[in-house]
Amino acid sequence: MKYRQQYYDFDKGLMTFVAAKQIQTLEIPEGGIQNAEFGKGYALLLHPDFLYGHPLSAAIKNYGFFSYAVYEALHLSEQEEQNVADIFKKIGQEIRCIDRHTQEIVLSHIDLLLNYSKRLYERQFITRKAVNHDLLIRMEELLSNYFANEAALKNGLPTVDYLAGQLNLSPHYLSDMLRSLTGQSAQQHIHDKLIQKARDYLSTTSLSVAEIAYQLGFDYPQSFNKLFKKKTEQSPLEFRRSFN
């Protein structure tokens, strides 16, 4: 099964999460939809009003996998697939006999489903460490080349969206994957690379702080000064003087 330029590497027990207004598309094989293979499964479509007044209304915003791309699916084992199916069945049973307790019970099941899915995604980041480590290396190369080719001077600071696009990932998946692998988000990796490059400029060139800021893609030198001091507890000039 293919989505744009990415392939699922697992053909059973797939689970995806769709945010409001997110579009999902599948590539239909030659010969039409009658030749496509689709497995059976469950779908849960939830109206925002159903969450109104419940703690889940706020908590659901903390689940980053609603912003993952379709091909960044959760891969389930047979037992995990059964566990998820059991939750769906219990939700189905509840909505067939509605009373004043139905909403609370259904939302409890949904809360369980989301927490369970969060655990499985965190496990998936660990079990796919070899693949993710390769992505980390590629991202570091992207950042190195971005500054080496003076792309920052032309296009501004590198962004998480830029890196994710180059790696064919969604920004949220990239950050969550990196956080699981290194303890840092994609934005923190960008900042670390910025500071590393800034130190190189400050210690090996006679460029002014303002020139270095523009070279790195900052619109204003003050923003560069603020970030550098936050990360190193020194201003750029203090670092240059201490190094010399």
Side-chain angles (χ1 to χ4, degrees), residues 2-9 27 64-65 67-73 121-122 124-240 242-244:
K2 184 169 77 170
Y3 176 82
R4 293 185 184 174
Q5 300 302 315
Q6 289 281 353
Y7 288 83
Y8 290 127
D9 54 4
E27 183 173 292
F65 44 71
S67 298
Y68 291 174
V70 178
Y71 53 79
E72 295 159 344
Y121 257 120
E122 289 177 357
Q124 185 164 296
F125 287 137
I126 295 171
T127 57
R128 297 163 66 83
K129 186 169 283 189
V131 174
N132 293 338
H133 185 69
D134 179 61
L135 286 171
L136 175 60
I137 292 173
R138 288 170 58 197
M139 189 195 73
E140 292 291 339
E141 290 176 349
L142 278 170
L143 284 172
S144 295
N145 291 336
Y146 193 88
F147 292 115
N149 297 332
E150 297 187 345
L153 187 60
K154 301 173 187 174
N155 305 319
L157 293 169
T159 65
V160 177
D161 284 354
Y162 165 77
L163 293 176
Q166 293 296 306
L167 296 170
N168 293 318
L169 298 173
S170 67
H172 273 90
Y173 188 91
L174 175 61
S175 278
D176 288 349
M177 180 271 290
L178 289 172
R179 194 177 286 109
S180 173
L181 196 65
T182 68
Q184 292 186 307
S185 67
Q187 188 63 58
Q188 288 171 316
H189 276 273
I190 292 173
H191 285 169
D192 283 353
K193 183 62 73 172
L194 278 168
I195 298 304
Q196 178 186 328
K197 193 66 179 178
R199 283 172 167 158
D200 290 344
Y201 281 132
L202 289 165
S203 60
T204 62
T205 75
S206 59
L207 292 172
S208 69
V209 171
E211 288 173 324
I212 292 172
Y214 295 132
Q215 195 77 20
L216 293 173
F218 286 89
D219 291 327
Y220 305 101
Q222 298 92 324
S223 300
F224 167 59
N225 275 274
K226 184 177 179 180
L227 178 64
F228 192 92
K229 191 163 187 177
K230 179 181 178 182
K231 293 291 185 179
T232 68
E233 298 184 348
Q234 289 181 302
S235 70
L237 286 177
E238 287 171 339
F239 173 81
R240 175 170 273 171
S242 67
F243 185 86
N244 293 332

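Along the sequence shown, the residues carry numbers beginning at 1.
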task: Please test I212 against R240 for side-chain contact (heavy atoms from CB on, under 4.5 Å), starting from the C-alpha separation and ending with a verdict.
output: CA-CA 12 Å; I212 292 172; R240 175 170 273 171; 3.9 Å; yes
Separation between [atom1] of [X] and [atom2] of [Y], rounded to the nearest 0.5 Å:
X: F224; Y: S235; atom1: CZ; atom2: OG; value: 9.5 Å
X: S206; Y: E211; atom1: OG; atom2: CD; value: 8.0 Å
X: T204; Y: R199; atom1: OG1; atom2: CZ; value: 13.5 Å
X: K231; Y: Q188; atom1: NZ; atom2: CD; value: 5.5 Å
X: I195; Y: L227; atom1: CD1; atom2: CG; value: 4.5 Å
X: L163; Y: R138; atom1: CG; atom2: CZ; value: 11.5 Å

Looking at [X] and [Y], would you say the former's side chain and the latter's main chain have a donor-acceptor pair under 3.5 Å?
X: Q124; Y: A73; answer: yes
X: N132; Y: F125; answer: yes
X: E140; Y: I137; answer: no
X: Q166; Y: L142; answer: no

Minimum heavy-atom separation for [X] to [Y], with atom names?
X: D176; Y: G64; answer: OD2-CA, 4.2 Å
X: L174; Y: L167; answer: CD1-CD1, 4.0 Å
X: V160; Y: I190; answer: N-CD1, 3.7 Å
X: H189; Y: L136; answer: CE1-CD1, 3.9 Å
X: T159; Y: Y162; answer: OG1-N, 3.0 Å
X: S144; Y: K193; answer: OG-NZ, 3.3 Å

message: Please verify the inter-ring angle class for Y121 with F65; under 30° counts as parallel, over 60° as perpendicular, anything in between as tilted.
response: parallel
query: Please walk me through it: do F228 and V209 pass side-chain contact (heavy atoms from CB on, under 4.5 Å)?
result: CA-CA 11 Å; F228 192 92; V209 171; over 6 Å; no
message: When you compare the side chain of Y173 with that of S67, does any pair of heavy atoms fall below 4.5 Å?
response: no
- prompt: Is any side-chain heavy atom of S180 less than 4.5 Å from a side-chain heavy atom of E122?
  reply: no
message: So that I can tick it off, tell me whether K197 and D200 are bridged by a salt bridge, with the cut-off set at under 4.0 angstrom between side-chain N and carboxylate O.
response: no
